[in-house]
There are 2 protein chains.
Amino acid sequence: MVSKEADIRNAIWQLAFQFKVSSKKAIRQYGLPLNGMHVRILHMIGATPACTANRIVLASGRDKAQITRLLKELESMLLIQRTPNPDDKRSQIVSLSEKGEALMARAREAEQDVVTRLLKGMKKDEIDRFVGLAGRMLDNLREE
Amino acid sequence: MVSKEADIRNAIWQLAFQFKVSSKKAIRQYGLPLNGMHVRILHMIGATPACTANRIVLASGRDKAQITRLLKELESMLLIQRTPNPDDKRSQIVSLSEKGEALMARAREAEQDVVTRLLKGMKKDEIDRFVGLAGRMLDNLREE
DNA sequence: GCTATTTGGTGGACAATATCAACCATATTC
DNA sequence: GAATATGGTTGATATTGTCCACCAAATAGC
């Protein structure tokens, strides 16, 4: 017999792990030369106007050294480009290159497949509720 | 403006990541010489009667090579012990040593703190619903 | 203005986690 | 008894995460 705490712990671990595995597989099947973090960061860059490295750090919660390296990789793959940030000479604005946009269009398809499968048989309000609860839990962990 | 798919994706990634970070920190603060996977596996071993390596592989979804190595580490730390499996000479039954039990008692406390924080302000039925939805999503991803 | 501190970013070094394939010994199937 | 499947191990390598020192520009305090 397992406790409720174990349930929630397990639910989070397992769901995240399986989701990662499925996403990775989908990306592979589409023949895209990207791994998980690449895709996540490209998403953020695509969705964030005037995106700087620091914004990605804050939004992702990852270490800034990690972000620096990932951006360097993405740049060497010609998927993103950097332009000077007029507001702060220390930083640069990163944006998707054409090649990056094209790749992400396909990545979105691949990920869409996974999300569709994930949400199969779920009602709209169930999904909303789930996302809402997850958000509250996240806030709980973050504050303090 | 972000799509619903991005919401659910983000919710899962972020919650899992923050949960991992918080758990790791809690374990550290308790001064326990364990990392995330160690704790997860020790949990399973403690909760599974006649636990074999293969059971951990199946329950965790991780690669069996990874499990082998983690078990080897845990054994060298004297947290677990292996005894021959009477039903199959290829495998062994792993179980917590006294030292392992003691450590896990403290790890449970540390993790309990995190779960308590995670669930702050959540109603029982909200938690149940969340775990239930997570389970369904997990099934969706796993089947096929 | 001019230090002192903070902030955005980079690099080194390394730890933790994950993946893939080859392989051995036993178990199972036929 | 041969062929195949299964539990487990090892090697090699990729990915992800962490910590620390550091530089240059920005900001705060005076």
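The chains referred to below are lettered A, B, ... by the order of the sequence lines, with proteins before strands, and numbering in each begins at 1. Side-chain atoms are counted along with the backbone in the values below, which use heavy atoms only and exclude waters and symmetry mates.
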Kindly state each residue pair satisfying ring-ring contact (aromatic ring centres under 6.0 Å, His included) with at least one member in residues 89-137 of chain A, sequence neighbours excluded.
A:Phe130-B:Phe130
Quick one: are [X] and [Y] in side-chain contact, heavy atoms under 4.5 Å?
| X | Y | answer |
| --- | --- | --- |
| B:Met77 | B:Leu103 | no |
| B:Leu141 | A:Val114 | yes |
| B:Ile41 | B:Ile67 | yes |

Taking all heavy atoms of A:Thr48 and all of A:Arg55, pick out the closest pair and write down the distance.
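Smallest heavy-atom distance, with atoms named: CG2-NH1, 3.5 Å.
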Residue set satisfying side chain to side chain contact (heavy atoms under 4.5 Å, CB included) with B:Arg40, at least two apart, ordered chain then number -> A:Asn10, A:Trp13, A:Gln14, B:Met37, B:Met44, B:Arg62
With 3.5 Å as the limit, what N/O pairs link the protein to nucleotides 7-10 of chain D?
residue : atom : partner : partner atom : Å
D:dG7   : OP1  : B:Asn54 : ND2          : 3.1
D:dG7   : OP2  : B:Asn54 : ND2          : 3.3
D:dG8   : OP2  : B:Asn54 : N            : 2.3
D:dG8   : N7   : B:Lys64 : NZ           : 2.7
D:dG8   : O6   : B:Lys64 : NZ           : 2.7
D:dT9   : OP1  : B:Arg82 : NH1          : 2.8
D:dT9   : OP2  : B:Thr68 : OG1          : 3.4
D:dT10  : OP2  : B:Lys72 : NZ           : 3.2

[atom1] of [X] versus [atom2] of [N]: gap in Å, rounded?
| X | N | atom1 | atom2 | result |
| --- | --- | --- | --- | --- |
| A:Arg62 | C:dG9 | CZ | P | 18 Å |
| A:Ile56 | C:dG9 | CD1 | P | 9 Å |
| A:Gln14 | C:dA18 | CD | C1' | 15 Å |
| A:Lys20 | D:dA14 | NZ | P | 17 Å |
| A:Lys89 | D:dA24 | NZ | C1' | 12 Å |

Heavy-atom contacts under 4.0 Å between residues 27-45 of chain B and DNA chain C, which residues?
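The stretch gives B:Asn35, B:Gly36, B:Met37 as the residues lying under 4.0 Å from the strand, ordered by number.
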Can you tell me if B:Arg82 uses its side chain to pair, donor with acceptor, with the backbone of B:Val94 under 3.5 Å?
no
Would you say a side-chain N or O of B:Lys24 is under 4.0 Å from OP1 or OP2 of C:dA16?
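The answer is no; no side-chain N or O of B:Lys24 sits under 4.0 Å from OP1 or OP2.
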Regarding B:Asp88 and B:Arg90, does a basic nitrogen lie under 4.0 Å from an acidic carboxylate oxygen?
yes
Is B:Glu126 salt-bridged to A:Arg136, cutoff N-O under 4.0 Å?
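A:Arg136 and B:Glu126: salt-bridged.
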Specify the angle, to 10°, made by the local axes at the two ends of the helix from C:dG1-D:dC30 to C:dC30-D:dG1 when five pairs are taken at each end.
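That helix has its two terminal axes inclined by roughly 40°.
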I'd like to check the side chain to side chain donor-acceptor pair (under 3.5 Å) partners of B:Asp113; sequence neighbours left out, ordered by chain and number.
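Applying side chain to side chain donor-acceptor pair (under 3.5 Å) to B:Asp113 gives B:Tyr30.
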Should we count CZ of B:Arg28 as having more than 12 external heavy atoms under 6.0 Å?
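Open.
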